[in-house]
2 protein chains.
Amino acid sequence: MVQEKNIPQHRRLYEILRKHIIDGIYKEGDLLPSENELCQLYGMTRPTVRQSLSTLANDGYIRKHQGKGSIVHHLPKEIGILSVSGTTSAVGSRNLKTRIIVKPSLIPWSEDFMFPLTELEKESGCIYFERLRLLDNEPIFYDISYIANINLPRITSRQFENRSLFQILREHYHIEIKGGEQRIKAIPASGRISRYLHLGKGQSVLHLERKMGTNNPALFLYSSIFCNTDKYSIFGRF
Amino acid sequence: MVQEKNIPQHRRLYEILRKHIIDGIYKEGDLLPSENELCQLYGMTRPTVRQSLSTLANDGYIRKHQGKGSIVHHLPKEIGILSVSGTTSAVGSRNLKTRIIVKPSLIPWSEDFMFPLTELEKESGCIYFERLRLLDNEPIFYDISYIANINLPRITSRQFENRSLFQILREHYHIEIKGGEQRIKAIPASGRISRYLHLGKGQSVLHLERKMGTNNPALFLYSSIFCNTDKYSIFGRF
DNA sequence: ATTTTTTACTTGTAAATACAAGTTATAATA
DNA sequence: TATTATAACTTGTATTTACAAGTAAAAAAT
């Protein structure tokens, strides 16, 4: 499953720099080594290095300035929307806990699913699970996830507690989110949702319906997310 | 103001192809001319052409497939969020009308503005206006816009009725939106908002607070948007 | 000391070239 | 006819070379 040497050079450098930024080796505002320095350091030519930096810039990890250099940009967009910023103070992701409400299981797709499905997806069945995500022990997100059962061995038996779905897919299946689309609504909380999110019935709740593409062109991730935005806002970059 | 010949070749080709896609010369699903054909057509080399296509792909106008070609992608992400898709049927933008509620005027910035401001912005003052946007003659968006008064001559006297702010900035001031950030909440409608959006008081309303960057590094656009998501959803790509 | 100029860096643009790898239609084979 | 191999496309990766343009610090002039 794990292939190491077939990845192109520019991708390799991208992953290295990305990891260094995430791990805090390069901090927000820091200047990355110059393109020529990176060439020497990693034995690549400038167009190759530039391709890595270009991808990093597109993903929001750095910002390039002619004449100055590449500057590490504050926190990347955690795939469109999912990073949360408190209205009063910033919240580190260390306070985020995940509780499984319905364990992953393979079920048939609903007839009137929120997005149109391909034949392959319909045949493959749907890996379904529900999670409640808590911030500082307060329930903020209620996530319902749907994934087509395509090339994901043993996923129903994996440990989802307190781990990101994206992280699991990335580490165990080499699946990267490429992009996607979403519909956003403000709705009054239903009985079940208000119970899980500790809200009064009928209070305003944010509802997201998302479809995410991956590096496997046949595989999409779907989720329906209910969010209590009373104390926190959804924060997104674009 | 208008400079024509200093723009780089890859940017020129980007603009041409982008316009052709917007104008429908290349339709959704169409295959763009191959990279080598574009080289011949526009007298450029492949790296230059590839840079144009790469930017188009990043902006969501096309999708590239190795071995096949560049395929026109359906409607680009109208800067993060602002395109609207009906829950029942797709809505063409021809049904969108804009009504000015408060005409553009220069005022001082509020002390507790929703985003932190630079000194230059504070000194320049704030161009403020409010607009109601209707879809099929139903009020859907209530927009409050804030722009720093930096290098925007005569903007307070321009015609905003039924025109996009982005379009005006692009055509008259060569200002392009580069990206931005936003906070999203679901809130109960206040009296004023519920009146403008034809809602009962306390009904759920979507609230966006956005900061957008431009090709002028000192100029940002801010807006506070209230949205009736009863019949329509906010639709976004990422 | 202050201002201006120069210099040495940085990224941006662009060409020419080569081969790898994925896709598709055609031609050869069974 | 159906399958397989080939060929002719497509985009992806990578090197090499050259100069333009923006930035910042050092050097020179005022």
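The model shown is predicted, which means the values in this text are computed figures rather than measured ones. In what follows, chains are A, B, ... by sequence order, proteins preceding strands, each numbered from 1.
Between A:P47 and A:L53, the residue anchored closer to the 5' end of DNA chain C is A:L53, taking for each the nucleotide with the nearest heavy atom. Between A:G67 and A:M44, the residue whose closest nucleotide on DNA chain D is further toward the 5' end is A:M44.
To the nearest angstrom, P of C:dT23 lies 11 Å from CD1 of B:I71. Here the C1' atom of nucleotide C:dT17 and the CZ atom of B:R50 are 14 Å apart, to the nearest Å. Counting to the nearest Å, the C1' atom of C:dA8 and the CD atom of A:E37 are 13 Å from each other. To the nearest angstrom, P of C:dC9 lies 12 Å from CD of A:Q40. Spacing between atom CZ of B:R12 and atom C1' of C:dT13 amounts to 13 Å, rounded to whole angstrom units. Taking atom CG on A:L31 and atom C1' on C:dT10, their separation rounds to 9 Å, with Å as the unit. For the pair A:R46 CZ and C:dG12 C1', the interatomic distance rounds to 8 Å; values are reported in whole Å. Rounded to a whole Å, the CD atom of B:Q51 is 8 Å from the C1' atom of C:dG12.
For the 3.5 Å distance criterion, the side chains of B:Q40 and B:Y42 fail to qualify, holding no donor opposite an acceptor. Side-chain contact annotation: B:Y173 with B:N216, donor-acceptor N/O pair under 3.5 Å absent.
The shortest distance between the side-chain N/O atoms of A:S34 and the OP1/OP2 oxygens of C:dC9 is not below 4.0 Å. For the pair A:Q66 and C:dG12, the criterion of a side-chain N or O lying under 4.0 Å from OP1 or OP2 is not met. Within the structure, every side-chain polar atom (N or O) of B:T45 is placed at least 4.0 Å from both OP1 and OP2 of C:dA16.
With a cutoff of under 4.0 Å to any heavy atom of chain B, the contacted region of DNA chain D is bounded 5' to 3' by D:dT10 to D:dT13.
Side-chain atoms of B:D30 do not come within 3.5 Å of backbone N or O of B:Y26 as any donor-acceptor pair.
The shortest side-chain heavy-atom distance between A:L13 and A:L53 does not fall under the 4.5 Å cut-off.
Counting atom types as modelled, B:R11 pairs no side-chain N or O with a base atom of C:dG12 as donor and acceptor under 3.5 Å.
Aromatic ring centres of B:F113 and B:Y146: separated by under 6.0 Å.
Under the 6.0 Å distance and 45° angle rule, B:K211 does not count as a cation-pi partner of B:Y222. In this structure, A:R183 forms no cation-pi arrangement with B:Y232, as its terminal cationic atom is not both closer than 6.0 Å to the ring centre and no more than 45° off the ring axis.
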